[in-house]
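Model, not experiment: these values are computed from the prediction. Order of the sequence lines fixes the chain letters, A, B, ..., with proteins taken first and strands second; residue numbering starts at 1 for each chain.
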Protein chains: 2
Amino acid sequence: MKLKELAEQLGLSQTTVSRALNGYPEVNEATRERVNKAALKFGYSANANARRLAMGRVGAIGIVVPIHSSERFGPHTSEFLSGLAERLSRDEIDFLITPLINNDEISAYRRLISSKRVDAMIVSHPSLVDERVAVLTEAQFPFVLHGRTNIDAPHAWLDIDNKGAFYQATSHLLDLGHKHIAMIDGLKGFTFSEHREEGYRDALNERSISIDPHFIVHDCFSDEIGFRETQRFLSLRPHPTAILAGSMMTALGVSRAIRAKGYQLGKEVSIIAHDDVFPYLNASNMVPAMTTTRSSIRAAGTRIAEMLVRLLDGETPETIHEVWPVELILRQSSGPPVIPAK
Amino acid sequence: MKLKELAEQLGLSQTTVSRALNGYPEVNEATRERVNKAALKFGYSANANARRLAMGRVGAIGIVVPIHSSERFGPHTSEFLSGLAERLSRDEIDFLITPLINNDEISAYRRLISSKRVDAMIVSHPSLVDERVAVLTEAQFPFVLHGRTNIDAPHAWLDIDNKGAFYQATSHLLDLGHKHIAMIDGLKGFTFSEHREEGYRDALNERSISIDPHFIVHDCFSDEIGFRETQRFLSLRPHPTAILAGSMMTALGVSRAIRAKGYQLGKEVSIIAHDDVFPYLNASNMVPAMTTTRSSIRAAGTRIAEMLVRLLDGETPETIHEVWPVELILRQSSGPPVIPAK
DNA sequence: CCCTTTGTCCAAAGCGCTTTGGATTGGTAT
DNA sequence: ATACCAATCCAAAGCGCTTTGGACAAAGGG
């Protein structure tokens, strides 16, 4: 069933039917109702391609997901997308996921722009100087950045206070009396990793505690990395009495390694993890309950969707950005250091 | 830059340029090369909407993701999508995710069909008699089902042998001497959950062991459910000496509860989990290493993408279906039951 | 009673691409 | 020479929708 046929059925012109369906004012309410009823009855729904061709607007936003790299389609991404979806579905905007294979991100973004298949894009995991952001702003293509980058050009973004989070966590451990604090951070180069490290370093520097490079790891977030690196940490002399974990996945591995060594969490070795709030992995349910810096990545997705809608409604990107504070939630996995009973 | 302009630049007709770009034979190789170069130089890339409108083909497949329900956008979904992406990106097919809010699945599928925005769809988590499958086959819309359903109409699907997996796991536990085996399965109504329960029941019936309804739980897959239900199990008299967990998330909670009770995994209480193979959560890395029934959901995604491509190439759905066997991998979390030292 | 306004509706012109049905050319067979 | 064929290229007709620029009638103002 196409518009033309529907119009014929109703004895109206395509124009009127189209307008009725799209809520334009210049059509009689009675007519509109008649049209709506008929559309429902015949199961008519506009051909999206034709519609977009005619309007120039698409009703979809684009996301490029690298599928082979380490920041792959993991639990963070899916929580984030889930949050996005929550808001975007209200406006019937769906999203187009372009998987990236050859790792040529920039050209993937370029193609997506010129193919006119999306109205806007979301870019995640920025580096300190992110070329994608540069390309998109230059092309005047609307987008929201999840994270921060140092590119000058005005653009919309939302980020959490990663630096503050790790500063807080580190300071808290220092307050508890820890002198040797290790960190398993995200991959080098990403802004969030750098910011976290900054927070960590600032806290240590503030107390004039020297920073041991062996205590800093940059890698992907996984149980395995957490386990392996913690084993390494614990074999050092002196070993760290507290570990910052960049994600809950990492934290699982860290906890495992601590326990494997016969230590108790929050006693011989403390741990504070960053928690993106996964519905299936709850920090407060762990044993012992895990102290975390907490910020829902899902909520961030929802908010970013909100920003995107504002952007598409014509709001200027300059005014759209937010930094979310991160709360430190004290639970049992962090406590004053205890000398291991030898 | 649009086709017309490019054609003018080249002094050719739109027809020729279009054909050159799309690899049609009736254009001189020299001309084709000239066109390709120019396209590259001017950064021309066809407007996807116009192209689709003209061709009737889209270059995207659709997925409806319920975002509020329990089978939400979780780690399973993202691993699966990741697998899909791996294969689809080769053919430059991207996917359109339609978030579902009001839970009116059927009409979401209907809209997606009639809006002509996708060439095919993937449907996941079927129930025993799945209405979506019925609607799609009736509409003659190409799709691949991830899982199985009892709908007669021929359709393409791929499923793992859930029944066999749980039959194997249960039998193994019985071989070890367990008499009281509990199961935390997926939500009631989904085919995979039902199949798993069948496998479990068959194994028990085969040995004439009566089935205690208190030992069977249907719920979503999460750490929390695993923990809570295992606590409940362990408070029963007699309590189960082995627990089947439907997912690795669940298994985490189960392990936690077992340990919290002061029991050792594989001793007082054994556990076998179904492992969908998450890159960030490795069964063999756990302590003790976890016995699992193992089948990569990511690989399934890739294979389903493959099937989809075949379907779009005109292959008939009748011939496209596969059941994947599931391997039981014995590790340390399962062993003969040990009477708790009271 | 004529003129303007307002409320409805319509015909037709795009949107940018693919594809059908030729037209043109140069070469080969008759 | 004539006819025929293959190799190239092109003009124009869609694809199904939105939107511009009126047309037409009823209503209101003088």
Seminar exercise, completed: Closest to the side chain of A/Ala54, out of C/dG14, C/dG16, C/dC10, is C/dG14
Seminar exercise, completed: Against the side chain of A/Arg19, the closest entry in C/dT19, C/dC9, D/dT20 is D/dT20
Exercise. Out of D/dA11, D/dG16, C/dC10, which nucleotide sits closest to the side chain of B/Leu53?
Worked result: D/dG16
For this session: Indicate yes or no for a side-chain donor-acceptor contact from B/Ser13 to the backbone of B/Thr16 under 3.5 Å, with no hydrogens or angles considered.
Result: yes
For this session: Starting from C1' on C/dT18, measure out to CG on B/Asn49 and report it in whole angstrom.
Result: 15 Å
For this session: Examine the side chains of B/Arg298 and B/Ser82 and answer whether a donor and an acceptor come within less than 3.5 Å of each other.
Result: yes
For this session: Take the protein atom CZ of A/Arg52 and the nucleotide atom C1' of C/dG16, then report the distance between them rounded to whole Å.
Result: 14 Å
Exercise. Of the nucleotides C/dT8, D/dC17, C/dC17, which one has an atom closest to the side chain of B/Lys2?
Worked result: C/dC17
Seminar exercise, completed: Here the distance between atom C1' of D/dG16 and atom CZ of B/Arg51, to the nearest Å, is 18 Å
Exercise. Given D/dC9, C/dG16, C/dT19, which nucleotide is nearest the side-chain atoms of B/Ala50?
Worked result: C/dG16
For this session: Spell out yes or no: do the side chain of A/Thr15 and the base of D/dT19 have one donor N/O and one acceptor N/O closer than 3.5 Å?
Result: yes
Exercise. For B/Arg57 and C/dC17, what is the distance between atoms CZ and C1' respectively, to the nearest whole Å?
Worked result: 17 Å
Exercise. A/Met121 pairs by side chain to side chain contact (heavy atoms under 4.5 Å, CB included) with which of A/Leu308, A/Val144, A/Leu145, A/Leu112?
Worked result: A/Leu112
Exercise. Considering residues, nucleotides and ligands other than B/Glu318, do more than 12 of their heavy atoms fall under 6.0 Å from its CD?
Worked result: yes
For this session: Let me know the distance between CZ of B/Arg32 and P of D/dT8, rounded to the nearest Å.
Result: 10 Å
Problem set entry | Minimum-distance nucleotide to A/Thr16 side chain [options: C/dC10, D/dT19, C/dT18] | C/dC10
Exercise. Which of the following nucleotides, C/dT8, D/dT18, C/dT19, is nearest to the side chain of A/Asn22?
Worked result: D/dT18
